[in-house]
Amino acid sequence: MKKLLLSLFVFAALFTAQTQPVYACSCVIPGTPVEEMEKSDAVFSGIVTQISDSHEYGYDVTLEVTEAWKGVEGTLIKVHTGMGGGDCGFGFEEGEEYMVYASLTDGELHVYSCSLTGILAESNTADLGEGTQLTETKTLPEWAYGAGVLVVILLAVAYTLASKKSKK
């Protein structure tokens with residue numbers, strides 16, 4: 001009777017326990033840098049400037065691009081990665097410079113530990129040829145866009161008032 005009650009208790013505990021997602025990482029040996037570049041949507045080197053928790057899962061990593069081979073237009077780029085371990089997330093460190101091979105998924109660039117992504121000084125980039133050295137693009141501060149919209153609205157109001165006066 002005690003064994004039956006114990007079994008029922010264990011079953012009830014397991015049945016009511018909250019489940020957590022489980023992730024498993026299984027990698028195929030990556031190809032050469034040239035092969036991996038062909039498969040990747042973005043290939044670049046960059047310095048990690050910020051690592052933040054993702055709105056979904058894992059981390060959002062911002063890098064200042066130093067050289068680009070494929071799929072990069074600006075000097076700052078954000079990639080997403082998992083938390084590491086079983087989800088194939090790559091362990092970026094702030095301030096470190098990396099060679100990054102990223103894949104586009106659902107409109108976001110993702111980096112996995114199974115790619116050739118790694119510390120730039122330890123990466124083989126010779127076969128990729130020379131990348132494009134990116135220079136910082138100057139953008140207006142955010143307040144300038146709001147000010148521009150306000151000026152356009154004021155000009156439209158002034159034009160409307162002036163045209164009403166001239167019709168009288």
Side-chain angles (χ1 to χ4, degrees), residues 14 16-154:
L14 290 174
T16 59
Q18 296 218 0
T19 60
Q20 295 293 323
V22 177
Y23 300 95
C25 181
S26 177
C27 298
V28 174
I29 296 172
T32 66
V34 172
E35 292 170 338
E36 291 302 305
M37 184 168 73
E38 288 173 11
K39 292 192 303 188
S40 299
D41 294 302
V43 179
F44 62 94
S45 62
I47 300 169
V48 175
T49 59
Q50 182 180 10
I51 300 173
S52 58
D53 289 338
S54 173
H55 62 280
E56 291 179 8
Y57 174 83
Y59 301 103
D60 290 324
V61 180
T62 304
L63 297 103
E64 184 177 333
V65 179
T66 53
E67 194 169 0
W69 283 267
K70 180 180 180 183
V72 177
E73 294 176 8
T75 58
L76 284 180
I77 194 164
K78 184 173 86 169
V79 298
H80 180 80
T81 191
M83 298 186 84
D87 66 1
C88 294
F90 185 83
F92 287 99
E93 289 185 32
E94 209 165 305
E96 189 69 58
E97 188 169 14
Y98 292 92
M99 182 67 195
V100 179
Y101 295 81
S103 301
L104 193 61
T105 306
D106 296 330
E108 277 188 332
L109 286 173
H110 289 257
V111 176
Y112 303 98
S113 61
C114 298
S115 71
L116 284 181
T117 296
I119 294 174
L120 179 62
E122 300 169 3
S123 298
N124 176 11
T125 61
D127 292 341
L128 297 179
E130 288 209 20
T132 303
Q133 300 290 324
L134 298 179
T135 58
E136 186 174 340
T137 55
K138 300 290 182 188
T139 59
L140 293 174
E142 287 184 31
W143 64 265
Y145 294 106
V149 169
L150 183 61
V151 166
V152 169
I153 291 170
L154 290 173

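Keep in mind that the numbers below use all heavy atoms, side chains included, and drop hydrogens, waters and symmetry copies.
Summarising the geometry of Met37 relative to Trp69, their closest heavy-atom pair is SD-CB, 3.7 Å, with the distance given to 0.1 Å. The nearest pair of heavy atoms linking Cys88 to Ser26 is SG-N, 4.0 Å. Across all their heavy atoms, Gly118 and Ser123 have their closest contact at O-OG, 3.7 Å. Here the closest non-hydrogen pair linking Gly84 and Asp87 is N-OD1, 2.8 Å. The two residues Ser54 and Asp60 come nearest to each other via the heavy atoms CA-OD2, 3.5 Å.
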Throw together a table of side-chain donor-acceptor distances under 3.5 angstrom for residues 45-52, partners on residues two or more places apart or in other chains.
residue	atom	partner	partner atom	Å
Ser45	OG	Thr66	OG1	2.8
Ser45	OG	Glu67	N	3.3
Thr49	OG1	Thr62	O	3.2

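Atom CD1 of Ile77 sits about 5.0 Å away from atom CG of Leu109, to the nearest 0.5 Å. One finds the CD atom of Glu64 at 6.5 Å from the OG1 atom of Thr75 (value rounded to the nearest 0.5 Å).
Qualifying side chain to side chain donor-acceptor pair (under 3.5 Å) partners for Asp41, counting only residues two or more places apart in sequence or in other chains: none. Remark: Lys70 engages no residue in a side chain to side chain donor-acceptor pair (under 3.5 Å) (not counting sequence neighbours). Glu38 meets the side chain to side chain donor-acceptor pair (under 3.5 Å) test with no other residue; sequence neighbours excluded. Not counting sequence neighbours, the partners of Ser115 by the side chain to side chain donor-acceptor pair (under 3.5 Å) test are Thr117. Judged as a ring-ring contact (aromatic ring centres under 6.0 Å, His included), and not counting sequence neighbours, the contacts of Tyr98 are Phe90, Phe92. In terms of the ring-ring contact (aromatic ring centres under 6.0 Å, His included) criterion, Tyr59 has no residue partners (sequence neighbours excluded). Judged as a salt bridge (charged side-chain N to carboxylate O under 4.0 Å, His left out), and not counting sequence neighbours, Glu35 has no contacts.
Sequence neighbours left out, the pairs with a member in residues 102-133 that pass ring pair (Phe, Tyr, Trp, His ring centres under 6.0 Å) are His80-His110. Within the structure, the disulfide bond (SG atoms under 2.5 Å apart) test picks out the following pairs touching residues 92-127 (sequence neighbours left out): Cys27-Cys114. For residues 30-53, there are no ring pair (Phe, Tyr, Trp, His ring centres under 6.0 Å) pairs, not counting sequence neighbours. Applying the salt bridge (charged side-chain N to carboxylate O under 4.0 Å, His left out) rule to pairs touching residues 96-110 yields nothing, sequence neighbours excluded.
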message: Determine whether Val34 and Leu128 satisfy the following criterion, side chain to side chain contact (heavy atoms under 4.5 Å, CB included), listing intermediate values before the conclusion.
response: CA-CA 6 Å; Val34 172; Leu128 297 179; 4.3 Å; yes
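Between Val100 and Val65 there is no side-chain heavy-atom pair separated by less than 4.5 Å. With a 4.5 Å cut-off on side-chain heavy atoms, Val61 and Val111 do not count as touching. For the pair Leu116 and Pro33, the minimum side-chain heavy-atom distance is below 4.5 Å. Under the 4.5 Å side-chain criterion, counting only non-hydrogen atoms from C-beta, Val43 is not in contact with Glu36.
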